[in-house]
Amino acid sequence: MNDQIRAREVRLVGPEGEQVGIVPLERALQLAADVDLDLVEVAPMARPPVCKLMDFGKFKYESALKAREARRNQQQTVIKEMKLRPKIDSHDYETKKGHVVRFLKAGDKVKVTIMFRGREQSRPELGFRLLRKLEEEVAEVGFVESSAKQDGRNMIMVLAPHRSAKIAARKGDEGGPAEAEEAVAEPSAQA
C-alpha cells in the first residue's frame, strides 16, 4: 500500500475500475494523492504489479462486513450425545428415545453411545440389537449417518436428521417470535 510498494512501474486501475495503463510508481502515488485515495497493490505477482486507487479503510471495513455476513450464514452442526447401557429398562429406553427424537426434530445430529462394563463386553450383540431397535424406531425423523462400531468399551452410532426436519427446525426458529405475536394479537381482537 502506498509507500510500501517496491516496483518501479505499476499497471494502474482507477477508482471506478477503469484502466489507466502502465505508469511509473511516483506518478501513480501522485495521482492517488491528487484524488485523496490510497494506492493499493492488488496483484503483486503480475508483471508489472497491478495497483488500484481506492479508499483502503473503506475496503477493509466492507471486507470485514462480508466476512461477518458469511459467518452468520454458516450452518452450525451440533452433535448431541445420548448414553445408554445394554441392560436398560424399557421405561428408561423410551425416555432416552424421546430425547433422541427431540434432538433430531430440532435439526441436531445425535451420537448414541452404549457403554459396556465388565462381562457385558463379551456380549456386543446386546448393544447392536439395542442400536438397531433405536434406528428402526426413529427412522421417520432421522437416519444412520455412521453405523454402529465397537470402540473399546463403548459402541457408537451417529444419527442425523432428514433434510426436511432440518429445514422445518430452521423455519421454526425464524418464525417463532412472529407466531407468538399473532397468538397474542388474536385474544385482544376477540375481547
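- Remark: Asn154 CG to Lys111 NZ distance equals 8.5 Å, nearest 0.5 Å.
- The side-chain hydrogen bond (donor to acceptor under 3.5 Å, both in side chains) test applied to Glu145 returns Lys109, not counting sequence neighbours.
- Put simply, the side chain of Glu140 never gets that close to the backbone of Gly142: no donor and acceptor are under 3.5 Å apart.
- Under the 4.5 Å side-chain contact rule for hydrophobic residues, Leu104 and Ile156 do not share a cluster.
- Between Lys66 and Tyr61, the closest side-chain pair of non-hydrogen atoms is not below 4.5 Å.
- The number of heavy-atom neighbours closer than 6.0 Å to CG of Asp36, taken from other residues, nucleotides and ligands shown, is 12 or below.
- To the nearest 0.5 Å, atoms CE (Met157) and CE (Met82) are separated by 12.0 Å.
- Of the inter-residue distances, the one linking Glu136 atom CD with Leu131 atom CG reads 11.5 Å to the nearest 0.5 angstrom.
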query: After noting the C-alpha distance and the side-chain angles of Leu25 and Leu39, does the key distance pass the side chain to side chain contact (heavy atoms under 4.5 Å, CB included) rule?
result: CA-CA 10 Å; Leu25 180 63; Leu39 183 66; 4.0 Å; yes
- request: Check the pair Gln121 / Arg153 against side chain to side chain contact (heavy atoms under 4.5 Å, CB included), numbers first and verdict last.
  value: CA-CA 7 Å; Gln121 292 178 28; Arg153 293 181 169 211; 3.4 Å; yes
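- Other residues, nucleotides and ligands contribute over 12 non-hydrogen atoms within 6.0 Å of the CZ atom of Phe143.
- Side-chain heavy atoms closer than 4.5 Å link hydrophobic residues (I, L, V, M, F, W, Y) into clusters, and following such links, possibly through other members, connects Val35 to Val10.
- Remark: the backbone N or O of Glu16 is paired with a side-chain donor or acceptor of Glu18 at under 3.5 angstrom.
- Distance check: Lys97 NZ to Leu84 CG gives 12.5 Å after rounding to the nearest 0.5 Å.
- When hydrophobic clusters are built by joining Ile, Leu, Val, Met, Phe, Trp and Tyr residues whose side-chain heavy atoms come closer than 4.5 Å, directly or via intermediates, Val100 is grouped together with Ile88.
- If you chain together hydrophobic residues whose side chains sit under 4.5 Å apart, Val13 and Val42 fall into the same group.
- In this structure, Lys96 contributes its side chain and Lys83 its backbone to a donor-acceptor pair below 3.5 Å.
- At least one test fails for Lys133 against the ring of Phe128: distance under 6.0 Å to the centre or angle within 45° of the axis.
- No side-chain heavy atom of Arg47 sits less than 4.5 Å from a side-chain heavy atom of Arg11.
- Put simply, the side chain of Phe59 does not reach to within 4.5 Å of the side chain of Asp38, judged on heavy atoms.
- Listed for the His162 side chain is a donor-acceptor partner under 3.5 Å among the backbone atoms of Ala139.
- At a threshold of 4.5 Å between side-chain heavy atoms, the hydrophobic network of Ile, Leu, Val, Met, Phe, Trp and Tyr places Leu159 and Val141 in one connected group.
- Here the CG atom belonging to Asp55 is positioned 9.0 Å from the CD atom belonging to Glu62, to the nearest 0.5 angstrom.
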message: Let's go through Glu69 and Arg71 carefully: what are the C-alpha distance in whole Å and the side-chain angles of both, what is the deciding distance for salt bridge (charged side-chain N to carboxylate O under 4.0 Å, His left out) to 0.1 Å, and is it a yes or a no?
response: CA-CA 5 Å; Glu69 186 68 29; Arg71 277 195 306 274; over 6 Å; no
- request: For the pair Ile79 and Asp108, evaluate side chain to side chain contact (heavy atoms under 4.5 Å, CB included) and give the outcome as yes or no after the intermediate values.
  value: CA-CA 6 Å; Ile79 298 180; Asp108 299 329; over 6 Å; no
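- Residues Val144 and Val158 fail the side-chain proximity criterion, which asks for heavy atoms closer than 4.5 Å.
- Residues Met155 and Pro124 are in side-chain contact: their nearest non-hydrogen atoms beyond the backbone lie under 4.5 Å apart.
- Nearest heavy-atom pair across Ile114 and Gly127 is CD1-O, 3.4 Å.
- Contact of the Glu81 side chain with the Thr113 side chain is registered, since non-hydrogen atoms from C-beta on lie closer than 4.5 Å.
- Around CZ of Arg27, the count of heavy atoms belonging to other residues, nucleotides or ligands within 6.0 Å does not exceed 12.
- Contact of the His99 side chain with the Arg102 side chain is registered, since non-hydrogen atoms from C-beta on lie closer than 4.5 Å.
- A salt bridge links Glu135 and Arg132; the closest N-O separation between the charged side-chain nitrogens and carboxylate oxygens is under 4.0 Å.
- Residues Arg85 and Glu120 are paired through a salt bridge, judged by an N-O separation under 4.0 Å between the basic side chain and the carboxylate.
- The closest side-chain heavy-atom distance from Val112 to Leu134 is below 4.5 Å.
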